[in-house]
Amino acid sequence: MSEAKRPQALELGADHAIDPRGGDALQVVKDWTGGGVDLAVELAGAVPALEFACGITRRGGTTVTTGLPNPQAMMSLRAVSLTAEERVLKGSYVGSRVPVRDIPRFARMMQSGALPIEKLTTHRLQLSEINEGVERLAAGDAIRQVVIFDQ
């Protein structure tokens, strides 16, 4: 929801970037897409983000979450929409990846420029700065941080 992150989303390939807190954000997305998206992916681990993703998914569409919300958090969903609107809600732990298969593929994508990790890395920090890094994440002031371990 960070205003500062929306331009970067557009630079990295997003067609649109919207503040989901706007009162009409769900309708704006539905208008842009002719009724909703075929696939919504929620990565934040925040229940409001997951509910928004479900809300913008069209009939017959799929919502995938890889975020890890607070274990006590509950979400609200019209249960009938899963059946009557033929929707799919799917969880994906760590992207459902197989490291031995996928890490070499990600490395090739990074080397070819197809996966611009350097544009997603906003901070590099020492292990002694980990608390500051967690505070940046909680405040929404970081995208990806890399911890550098001294040898």
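One is the number of the first residue; the rest follow in order along the sequence. Values in this document were obtained by computation on a predicted structure and should not be read as measured data.
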Measure the shortest side-chain to side-chain distance between [X] and [Y] over non-hydrogen atoms and say whether it is less than 4.5 angstrom.
X    : Y    : answer
H123 : E129 : no
R97  : R105 : yes
M75  : P69  : no
L89  : T57  : no
T122 : D141 : no
F52  : V29  : yes

Nearest non-hydrogen partners of [X] and [Y], listed with the distance:
X    : Y    : answer
V47  : M74  : CG1-O, 3.4 Å
E85  : R59  : O-CG, 3.2 Å
G55  : L26  : C-CD2, 3.7 Å
D19  : R6   : CB-NH2, 3.6 Å
I143 : L137 : O-CD2, 4.4 Å
T121 : V146 : CG2-CG2, 3.6 Å

Q: Apply side-chain hydrogen bond (donor to acceptor under 3.5 Å, both in side chains) to Q27 and D31, showing your working.
A: CA-CA 6 Å; Q27 190 58 51; D31 290 346; 2.8 Å; yes

Q.
Evaluate E132 against L125 for side chain to side chain contact (heavy atoms under 4.5 Å, CB included), listing each step before the verdict.
A. CA-CA 9 Å; E132 291 89 346; L125 53 142; over 6 Å; no

Q. If Ile, Leu, Val, Met, Phe, Trp and Tyr residues are connected whenever their side-chain heavy atoms lie under 4.5 Å apart, and connections chain through other members, are F106 and I117 in the same group?
A.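 Linked within one cluster.
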
Q | Cluster link L68 to V64, ILVMFWY, side chain under 4.5 Å | A |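 Different clusters.
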
Pairs under 3.5 angstrom only: tabulate donor-acceptor contacts from the side chains of residues 35-46 to other protein residues two or more places apart or in another chain.
unit_1 : atom_1 : unit_2 : atom_2 : d
D38    : OD1    : R58    : NE     : 3.0
E42    : OE1    : T65    : OG1    : 2.4
E42    : OE2    : A44    : N      : 2.7
E42    : OE2    : G45    : N      : 2.5

**Q.** Residues D15, W32; criterion side chain to side chain contact (heavy atoms under 4.5 Å, CB included); working and verdict
**A.** CA-CA 10 Å; D15 293 324; W32 281 343; over 6 Å; no

Atom pair [atom1]/[atom2] of [X] and [Y] - distance to nearest 0.5 Å:
X    : Y    : atom1 : atom2 : value
L50  : L77  : CG    : CG    : 8.5 Å
I103 : R108 : CD1   : CZ    : 12.0 Å
S96  : D102 : OG    : CG    : 10.0 Å

Q. Between K119 and Q8, is there a donor-acceptor pair closer than 3.5 Å when you use the side chain of the first and the backbone of the second?
A. no

